[in-house]
Amino acid sequence: MVAQLLRLRADLLAGEVRGTARRSVLVVVGSLVALAVAVVVASHLIGLRASGADEARAVVVPIGALLTFGFTVVPLVAGRNDQFDPRRFAVFGIGRRPLAVGLFVAGLVGIPVIAVVVVAVAQVGTWSRDAGTTVLAVLGGLLAVATCALLVRVGSALSAATGAQQRSRDTGWLVALVVVVLVLPAGALLFPVDWLRPDAAELQRVADVAGWTPWGAAWAVPADVASGHVGAGFAKLLVAVVVVAALAWAWWVVVGRALESAEGRSRARRYRGLGWFDRLGATPAGAVAARALTYWARDPRYRASYLVIVFVPLVVLPLGVAGMPWHWTALVPLPLMAIIAGFLPHNDVSYDNTAVWLHVASGAPGWSDRLGRLVPVLAVGVPAIVVGAFVSARLAGSAVAFPVLVGVSVGALLVGLGLSSVVSVLLPYPTVRPGDHPFQQPQAAGVTATVAQSTMVIGILVLTAPAGWLGVLALTRGAHPWGMLTLLVGVLVGVVVLAVGVLAGGRLFDRHGPDLLAAAQRN
């Protein structure tokens, strides 16, 4: 069975080349570029063998983590047309074990996985300094390749199962965005400017954090041992093994479910209770919050927003390439993510489309609608800010950065949500309709969209400026008393703006209910 699937894989790859002239050129050029990039990265990694262990570790681990992260995101975006989707083989009577093993082995044959193999072999050359690190480098490379290959299989299968009806030409642009965003920081590590030195403490902290993630653990095993951190190295080896085992189990489950259900057949779902509506109580605010949590979790239009926020930390890394010191660069992503999260609900009423009549016709007070819509962002945003502040402060190597980041980021989030509560009522504008592709924007949103978005951005920046200024003083003059003052001012201003926005937005919602229904009809 494995041999047959390998032959099928080879025939499919040959068919890609024998297609139309344009497609053949794209496939060949893309493959050559991918292999050339892999060879360039491999040559740099091998060259690190003459460098110190800490310097090599600061380059190898982040690059490996970025590479593996790409194998997580790209299949989820572009895996809907996977020719090795297990569901395609469900009608051939193949057993679960031979199909799972065969598809996994056949999936190893391809340019992306071959590129990972090239990089993995190169890192063996980086760490071949003695017998012990060489063995660990080989083991880490095998785990890294297995992780990437399993991520492709699981991600493609999940994408095909959940997004088969949402194919779009925008997929190619999303893949290009992911690749560019990942290549920029990797290029900065391979071709560092003067301040971005592998022996810098900042990059050592990046390697520390990346090595404990599922994407960087396998790459960090030989690096930590070669650097003298033997205990951490073997602990990360355990993490890497657990990651591969978890992915293998996930692939086993995916194949099993594909063989048990027929494609195109609706699958009956059994629900117990009313979900969030049971948990949040029978109050107007609770009902709106339950509805908001449901569509934030299930609506593809909101999922597209997650993609933007997730990539923010990677996008700001080119700031360092432009010359910004690393300890400042590490502090930029979290406040920016908080601003974007606070900005997102500014047109939330239009996302409801005609369903907003439920909120208007129910007679519920407007403040309950305003507050309920903010629950998903608050429930996820505030804990995420605390965790992100801890990670960012560790990367920056500054204890005072933690209260500063919490104050500024929480303030920006709450201020954005408070302003959104008013702007979404006064300035609704056309947006993606329910059921449309999340990136299919209306051709003309009018001046209202420009005014609403400009108001939000300017308002968030102005109202967050006091906490931001105090944060700069805390980072430049010392923690006392500026750090805690930044925290207090940021949270206080945010809470006040949020409360005023919810109350004022609620009154406007009560007053402009018919206008909102008319605006929804135009959307």
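For this chain, numbers begin at 1 and follow the sequence in order.
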Which residues pass the side-chain contact (heavy atoms from CB on, under 4.5 Å) test with [X], not counting sequence neighbours?
X: L247; value: T147, L150, L151, V243
X: A389; value: L334, F402, L405, V406
X: A290; value: W276, F277, L280
X: S51; value: L48, E55

Only distances under 3.5 Å count here; give the side-chain donor-acceptor pairs of residues 453-463 to other protein atoms, sequence neighbours excluded, each with its distance to 0.1 Å.
{"unit_1": "Q453", "atom_1": "NE2", "unit_2": "Y429", "atom_2": "OH", "d": "3.0"}
{"unit_1": "S454", "atom_1": "OG", "unit_2": "T450", "atom_2": "O", "d": "2.7"}
{"unit_1": "T455", "atom_1": "OG1", "unit_2": "V451", "atom_2": "O", "d": "2.6"}

Donor-acceptor contact below 3.5 Å, side chain D510 vs main chain G366 =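 Yes.
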Salt bridge (Lys or Arg N to Asp or Glu O under 4.0 Å) contacts touching residues 221-242 (sequence neighbours left out) |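 For residues 221-242, and leaving out neighbouring residues, the salt bridge (Lys or Arg N to Asp or Glu O under 4.0 Å) pairs sorted by first residue read R57-D224, D224-K236.
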Give every residue pair that meets the salt bridge (Lys or Arg N to Asp or Glu O under 4.0 Å) criterion with at least one member in residues 395-422, sequence neighbours excluded.
->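 Qualifying pairs: none.
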Can you list the residues that meet the side chain to side chain donor-acceptor pair (under 3.5 Å) rule with [X], with sequence neighbours excluded?
X: S392; result: none
X: S227; result: D54
X: T68; result: W219

Run the side-chain donor-acceptor check on residues 413-427: report pairs under 3.5 Å with partners two or more places apart or on a different chain.
{"unit_1": "S420", "atom_1": "OG", "unit_2": "G342", "atom_2": "O", "d": "2.9"}
{"unit_1": "S420", "atom_1": "OG", "unit_2": "G416", "atom_2": "O", "d": "2.7"}
{"unit_1": "S421", "atom_1": "OG", "unit_2": "L417", "atom_2": "O", "d": "2.9"}
{"unit_1": "S424", "atom_1": "OG", "unit_2": "R370", "atom_2": "NH1", "d": "2.5"}
{"unit_1": "S424", "atom_1": "OG", "unit_2": "S420", "atom_2": "O", "d": "2.8"}

W249 atom CH2, over 12 foreign heavy atoms within 6.0 Å |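 For W249, atom CH2 is not crowded (no more than 12 foreign heavy atoms under 6.0 Å).
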T72, L67, V61 screened by side-chain contact (heavy atoms from CB on, under 4.5 Å) with W215, the one that passes =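 When T72, L67, V61 are each tested with W215, the side-chain contact (heavy atoms from CB on, under 4.5 Å) holds only for T72.
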Looking only at non-hydrogen atoms, find the nearest pair between D348 and Y295 and report the distance.
->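 It is OD2-OH, 3.1 Å.
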